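See structure below.
Note that the structure is a prediction, hence the values are computed from the model and not measured.
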Amino acid sequence: MRSINTSSHHRRVISGRLLSTVAASVVAGSVALGGCSQTKSNYDQRTFFREEQGLETHGRKTWFDHLVELDPGSLKTHVAADYDQAAPEKIAVLPFTDRGTAQFVVDKVPLTHRTDGEQADWAWTDANRMRRDVNGYLASREFLEANVIQVDEILKEHGIDSGEKLNQVPPQMLGKWLGVDAVVYGNVSHYDAYYALLLSAWQVGADVRMVSTHNGEELFSADGSRYSVNFMPAFDPMDIVINSGLSLLELRDVTLARAEEEDAREIVLRLPRSEKLKNELIEEARRHDEVALETSDTGNTLSLPNTPLAEAR
């Protein structure tokens, strides 16, 4: 009977400790949530225009990211020595070209047999996807970008409908046609898929050049590729079959789009930020604001008290 009672006593002690641990966790969680709620209560006091953290590194792969994601890709870049002073205010991203076969290729084996016309369509599609990604990331920087629709229309009117013809036009002439300080050329070099049962990957590679339309100087260039790799290790035969099927599903269009975007993002991240251009944009905005104030009625303007604009008025 004593052994039974002792066993029951131990169970009660263990149960009591578990309940105490759970209770302590609940109390700690409540305190933590309470602290968070107190911190968040001041969100209305947070101001804009502060120093943005990780501006140069957020979204750029480190050696550890390459290791974890099994991405052997790399980018080689070159920046002109006088880039900060020669940085262009207005730029135009020209149509990209595709150097690939324009076929759906897996493990270097084409799985499609597109006609010449279909290959031309897909070459334009692949190149333009990459072009839009580069254009989008450049648009968030200190540049004023020409609209790609307008760029394409002007080029068509001048009969420039291929990469060969585009390369024959001097950058200075393109600058006059488009009204920009620099043009961005691009080529898609890799657009391949890989599959090996438990491993699948997309490879997207491109080279991009920014050239001044004033003197033809190459201001920036980048050449390289990125891999979007999916690796699903398994040891049991059934798991190998299942994971091989799941790995194959990674060769979807949405995964390809992510690889394109990552390549474009990392290319643009390597383009130095120009304080000169930033200051010029600020001054231009101020001049526009001053003109608007001079030509507008007082009732159509708004300025908060205790601000430079309110004091000036």
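Considering every non-hydrogen atom in both Gly73 and Tyr227, the closest pair reads N-CD1, 3.7 Å. Closest approach of Val169 to Tyr185, counting heavy atoms only: O-OH, 4.2 Å. Leu277 approaches Ala87 most closely through the heavy-atom pair CD2-O, 3.5 Å. Closest approach of Ala123 to Ala102, counting heavy atoms only: N-CB, 3.9 Å. Across all their heavy atoms, Pro171 and Ser212 have their closest contact at CB-O, 3.8 Å. Closest approach of Ala193 and Leu251 over heavy atoms only: CB-CD2, 4.2 Å.
Counting only heavy atoms from C-beta outward, the side chains of Leu75 and Arg270 approach each other to under 4.5 Å. Using a 4.5 Å cut-off on side-chain heavy atoms (C-beta onward), Val79 and Pro272 make contact. Looking only at side-chain heavy atoms (C-beta outward), Val208 and Ser221 stay at 4.5 Å or farther from each other. Residues Trp202 and Asp192 are not in side-chain contact: their nearest non-hydrogen atoms beyond the backbone lie 4.5 Å or more apart. Considering only heavy atoms from C-beta on, Val184 comes within 4.5 Å of Leu138 through its side chain. By the 4.5 Å heavy-atom criterion applied to side chains, Glu153 and Glu157 are counted as neighbours. Here the side chains of Glu284 and His288 are not in contact, with every heavy-atom distance at 4.5 Å or above. Gln168 places a side-chain heavy atom less than 4.5 Å from the side chain of Glu164.
The OG1 atom of Thr213 sits 11.0 Å away from atom NZ of Lys90, with the distance rounded to the nearest 0.5 Å. Expressed to the nearest 0.5 Å, how far CD of Glu89 lies from CD of Glu280 amounts to 5.5 Å. Between Asp207 atom CG and Met130 atom CE the span is 10.0 Å, to the nearest 0.5 Å. With rounding to the nearest 0.5 angstrom, the CD atom of Glu261 is 11.5 Å from the CG atom of Leu256. Of the inter-residue distances, the one linking Met232 atom CE with Leu246 atom CG reads 4.5 Å to the nearest 0.5 angstrom. Here Ile282 contributes atom CD1 and Glu275 contributes atom CD; the two are 8.5 Å apart, rounded to the nearest 0.5 Å.
A side-chain donor from one of Ser247 and Ser200 sits under 3.5 Å from a side-chain acceptor of the other. For Arg131 and Asn128, the side-chain atoms include at least one donor-acceptor pair closer than 3.5 Å.
Note on Val204: it clusters hydrophobically with Ile267, by side-chain heavy-atom contacts below 4.5 Å among ILVMFWY residues. Placement of Ile160 and Phe96 in two distinct hydrophobic clusters is found when ILVMFWY residues are connected by side-chain heavy-atom separations under 4.5 Å, directly or transitively. Two different hydrophobic clusters hold Leu281 and Val268 under the rule that ILVMFWY side chains link at heavy-atom gaps under 4.5 Å. No single ILVMFWY cluster, assembled from side-chain heavy atoms under 4.5 Å apart, contains both Leu248 and Val241. There is a path of hydrophobic side-chain contacts, each under 4.5 Å, that joins Ile154 to Val183.
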Start with the C-alpha gap between Gln203 and Tyr194, add the side-chain angles, then the distance that decides, and say whether side chain to side chain contact (heavy atoms under 4.5 Å, CB included) holds.
CA-CA 8 Å; Gln203 181 192 18; Tyr194 298 91; 3.3 Å; yes

Checking Leu271 against Leu219 for the side chain to side chain contact (heavy atoms under 4.5 Å, CB included) test, could you report, in this order, the C-alpha distance in whole Å, the side-chain angles of both residues, the deciding distance, and whether it holds?
CA-CA 10 Å; Leu271 183 63; Leu219 301 174; over 6 Å; no

Kindly indicate, with the supporting measurements, whether the criterion salt bridge (charged side-chain N to carboxylate O under 4.0 Å, His left out) is fulfilled by Arg258 and Glu262.
CA-CA 6 Å; Arg258 292 167 184 159; Glu262 181 174 308; over 6 Å; no

Step-by-step salt bridge (charged side-chain N to carboxylate O under 4.0 Å, His left out) determination, Glu290 to Arg286
CA-CA 6 Å; Glu290 291 174 358; Arg286 286 174 175 168; over 6 Å; no

Please walk me through it: do Glu142 and Ser274 pass side chain to side chain donor-acceptor pair (under 3.5 Å)?
CA-CA 7 Å; Glu142 62 276 18; Ser274 172; 5.2 Å; no

Report the C-alpha separation of Ser244 and Leu198 in whole Å, then their side-chain angles, then the decisive distance to 0.1 Å, and conclude whether the side chain to side chain contact (heavy atoms under 4.5 Å, CB included) test is met.
CA-CA 5 Å; Ser244 296; Leu198 300 178; 3.7 Å; yes

Derivation of the side chain to side chain contact (heavy atoms under 4.5 Å, CB included) call for Leu94 and Leu166
CA-CA 9 Å; Leu94 303 174; Leu166 182 62; 4.1 Å; yes

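Arg252 places a side-chain N or O within 3.5 Å of a backbone atom of Leu249 that can act as its donor or acceptor partner. A donor-acceptor pair is defined here as one N or O able to donate and one able to accept, closer than 3.5 Å; such a pair exists between the side chain of Gln119 and the backbone of Arg114. The backbone N or O of Val109 sits nowhere less than 3.5 Å from a side-chain atom of Asp107 that would complete a donor-acceptor pair. Of the possible donor and acceptor atoms, none in the side chain of Thr97 sits under 3.5 Å from a partner among the backbone N and O of Asn187. Between the side chain of Arg265 and the backbone N or O of Tyr137 there is no donor-acceptor pair closer than 3.5 Å. Side chain of Asp71 to main chain of Ser228: no donor-acceptor pair is present (N/O by atom type, distance under 3.5 Å, no hydrogens or angles).
Applying the side chain to side chain donor-acceptor pair (under 3.5 Å) rule to Asp181 yields the partners His214; only residues at least two apart in sequence or on another chain are considered. Partners of Trp177 under the ring-ring contact (aromatic ring centres under 6.0 Å, His included) rule, at least two apart in sequence or in another chain, are His158.
Under a cut-off of 6.0 angstrom, the local environment of NZ in Lys165 is crowded, with over 12 non-hydrogen atoms contributed by other residues, nucleotides or ligands. Summarising the local packing, CG of Asp116 is surrounded by 12 or fewer heavy atoms from other residues, nucleotides or ligands at distances under 6.0 Å.
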Name every donor-acceptor pair, under 3.5 Å, that has one atom in a side chain of residues 143-151 and the other anywhere in the protein, sequence neighbours excluded.
| residue | atom | partner | partner atom | Å |
| --- | --- | --- | --- | --- |
| Glu145 | OE1 | Ala139 | N | 3.4 |
| Asn147 | OD1 | Ile149 | N | 2.8 |

